[in-house]
Amino acid sequence: MIPVERTYLMLKPDAVQRGLCGEIISRFERKGLKLIAMKFMLIPKATAERHYGEHKGKKFYDSLISYITSGPVLAMVWEGKNAVSVCRAMMGKTDPQDSAPGTIRGDYGMDLGVNVIHGSDSPESAEREIGIFFKPEELVQYERSVERWIYE
Ligand code: IDP
Ligand code: MG
């Protein structure tokens, strides 16, 4: 049985501007996660506010919305066994200063408000966030022939 948990990952405007997208995508590919959707886009302000609704009212909210809408992002959906927690572990802590070397934020980031990547924090958040950025028909169903070399 091939596992199907999904997570929403987004390479933030700093990752795009710094030319880090390819390297970061490679990490998820090499890990064995399966890419099922990808969209390069400028996020409309209303969409950013929906995505980050849980942070409304916090002191960093306005700067977070202006950061995430300041340039294009790469929105993605990845699938795999425990995809949400596996990807969060690969990302590191929210603050790149606290993130271990070897994690994405630990390797590529320097500051909390410019932290390279977003990843869903639970399967429920993933479903919600995927629904904000993708239509159901944009999630691509396909078979990977390497599956049996990734899952026992
Ligand atoms: P997460 O991205 O690790 O899930 P959250 O707490 O959900 O972290 O915060 C969402 C985003 O808001 C963070 O990735 C970061 O870009 C930004 N952020 C969080 N806390 C702060 C802060 O104290 N100052 C500035 N930006 C923050
Ligand atoms: Mg979060």
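The first residue of the sequence shown is numbered 1, and numbering continues consecutively from there. Quick caveat, the model's predicted, so the values are computed rather than measured.
In this structure, the side chains of Lys81 and Val86 stay at 4.5 Å or more apart for every pair of heavy atoms. Side-chain contact between Gln97 and Leu112: absent, with no pair of heavy atoms (C-beta onward) separated by less than 4.5 Å. Side-chain contact check for Arg105 versus Ile117: some heavy-atom pair is nearer than 4.5 Å. Looking only at side-chain heavy atoms (C-beta outward), Lys34 and Ile150 stay at 4.5 Å or farther from each other. Looking at Trp78 and Glu29, their side chains come closer than 4.5 Å, going by heavy atoms from C-beta outward. Annotation: side chain of Ile68 is not in contact with side chain of His118 (no heavy-atom distance under 4.5 Å).
Of the possible polar contacts, none joining the Tyr108 side chain to the Ile24 backbone as a donor-acceptor pair under 3.5 Å is found. Although no hydrogens or angles enter the test, the distance criterion places a donor-acceptor pair under 3.5 Å between the side chain of Arg128 and the main chain of His51. Remark: side-chain polar atoms of Asn115 are paired, donor with acceptor, to backbone N or O of Thr94 under 3.5 angstrom. Although no hydrogens or angles enter the test, the distance criterion places a donor-acceptor pair under 3.5 Å between the side chain of Asp107 and the main chain of Gly102. Counting only distance, with no hydrogens or angles, the side chain of Thr69 and the backbone of Ile43 share no donor-acceptor pair below 3.5 Å.
For the pair Leu11 and Val16, the tightest heavy-atom approach, listed with the atom from each and the gap, is O-CG2, 4.2 Å. Shown here for Glu138 and Phe133, the closest heavy-atom pair between the two residues is OE1-O, 4.1 Å. Taking every heavy atom of both residues into account, Ala15 and Val116 meet most closely at CB-O, 3.5 Å. Residues Asp95 and Asp111 approach most closely at OD1-C, 4.4 Å, considering heavy atoms. Here the closest non-hydrogen pair linking Glu5 and Val84 is OE2-N, 3.0 Å. Counting all heavy atoms, side chain and backbone alike, Thr7 lies closest to Ala83 at CG2-O, 4.0 Å.
To the nearest 0.5 angstrom, Asp98 atom CG is 10.5 Å from Thr103 atom OG1. For the atom pair CG (Leu35) and CZ (Phe28), the distance works out to 11.0 Å, reported to the nearest 0.5 Å.
Residues Arg27 and Glu23 are not paired through a salt bridge, judged by the lack of any N-O separation under 4.0 Å between the basic side chain and the carboxylate.
Glu79 pairs in a salt bridge (charged side-chain N to carboxylate O under 4.0 Å, His left out) with only one of the listed residues (Arg6, Lys31, Arg144), which is Arg6. Under the ring pair (Phe, Tyr, Trp, His ring centres under 6.0 Å) test applied with His55, the options Phe60, Tyr67, Tyr61 reduce to a single match, Phe60.
A cation-pi arrangement is absent between Lys58 and Tyr52, since the terminal nitrogen or guanidinium carbon is not both under 6.0 Å from the aromatic centre and inside a 45° cone about the axis.
Heavy atoms from other residues, nucleotides or ligands lying under 6.0 Å from CE of Met110 number 12 at most. A 6.0 Å sphere centred on CD of Glu143 holds no more than 12 heavy atoms belonging to other residues, nucleotides or ligands.
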